[in-house]
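Presented below is the structure to which this report refers.
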Amino acid sequence: MTVEHILPAARSAEFPGMCDRLGNYVLLEKNLNRQAGNLDFVDKLSVFQQSRLLSTRQLTGSEWGPSQIEARQRILAERAVKIWRVEDS
């Protein structure tokens, strides 16, 4: 398993500060990561659909940029809080 940039790192200059945000990462099998490479988002979707991971297959849309990265990051943060609850002492 590897961590793939949804927005390719090679395009980080287009959206400064967005490439390394949690919302721009997805877990992807090693062989699929090689296929995804620096493809544009729409082209990566067909690779993502081959993943065994539901969260990766659920990525959809026709574009990927700052608003999509921020929205996905909020969703991931909400899931994390539900999964890894910390009780106040």
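Since the structure is predicted, the reported quantities are computational estimates derived from the model, not experimental observations. Note that these values count all heavy atoms, side chains included, but never hydrogens, waters or copies made by symmetry.
- Taking a 4.5 Å side-chain heavy-atom cut-off between Ile, Leu, Val, Met, Phe, Trp and Tyr, the cluster of W84 extends to I83.
- Distance alone, capped at 3.5 Å, is enough to place a donor-acceptor pair between the R72 side chain and the Y25 backbone.
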Can you give each donor-acceptor pair under 3.5 Å made by side-chain atoms of residues 48-58, sequence neighbours left out, with the distance rounded to 0.1 Å?
| from | atom 1 | to | atom 2 | distance (Å) |
| --- | --- | --- | --- | --- |
| Q49 | NE2 | R57 | O | 2.8 |
| Q50 | NE2 | S46 | O | 3.3 |
| S51 | OG | E29 | OE1 | 3.0 |
| S51 | OG | E29 | OE2 | 3.4 |
| S51 | OG | L53 | N | 3.0 |
| T56 | OG1 | L27 | O | 2.6 |
| R57 | NH1 | S51 | O | 3.0 |
| R57 | NH1 | R52 | O | 2.9 |

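- Pairs of residues two or more places apart, or lying in two chains, that qualify as salt bridge (charged side-chain N to carboxylate O under 4.0 Å, His left out) and include a residue from residues 6-15 are R11-E14, R11-D40.
- The hydrophobic cluster of I75 has no other members, since no ILVMFWY side-chain heavy atom comes under 4.5 Å of it.
- Each of L59 and L76 belongs to its own hydrophobic cluster when Ile, Leu, Val, Met, Phe, Trp and Tyr are linked at side-chain heavy-atom distances under 4.5 angstrom.
- Here A9 pairs with H5, C19 under the side chain to side chain contact (heavy atoms under 4.5 Å, CB included) rule; sequence neighbours left out.
- Within the 4.5 Å cutoff, no side-chain heavy atoms of F15 are placed close to those of I69.
- Residues K44 and P8 come closest through the heavy atom pair NZ-CG, 3.9 Å.
- A distance-only check finds a donor-acceptor pair linking the side chain of Q68 to the backbone of G65 [under 3.5 Å].
- Judged purely by atom type and a 3.5 angstrom limit, E4 has no side-chain atom pairing as donor or acceptor with the backbone of V26.
- One finds the CZ atom of R74 at 12.5 Å from the CG atom of L22 (value rounded to the nearest 0.5 Å).
- The two residues L45 and G61 come nearest to each other via the heavy atoms CD1-O, 3.2 Å.
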Start with the C-alpha gap between M18 and R21, add the side-chain angles, then the distance that decides, and say whether side chain to side chain contact (heavy atoms under 4.5 Å, CB included) holds. CA-CA 5 Å; M18 299 306 290; R21 303 264 316 260; 3.5 Å; yes
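- Looking at residues two or more places apart in sequence or on another chain, you find a side chain to side chain donor-acceptor pair (under 3.5 Å) between T2 and N33.
- L7 CG to D20 CG: the interatomic distance, rounded to the nearest 0.5 Å, is 10.0 Å.
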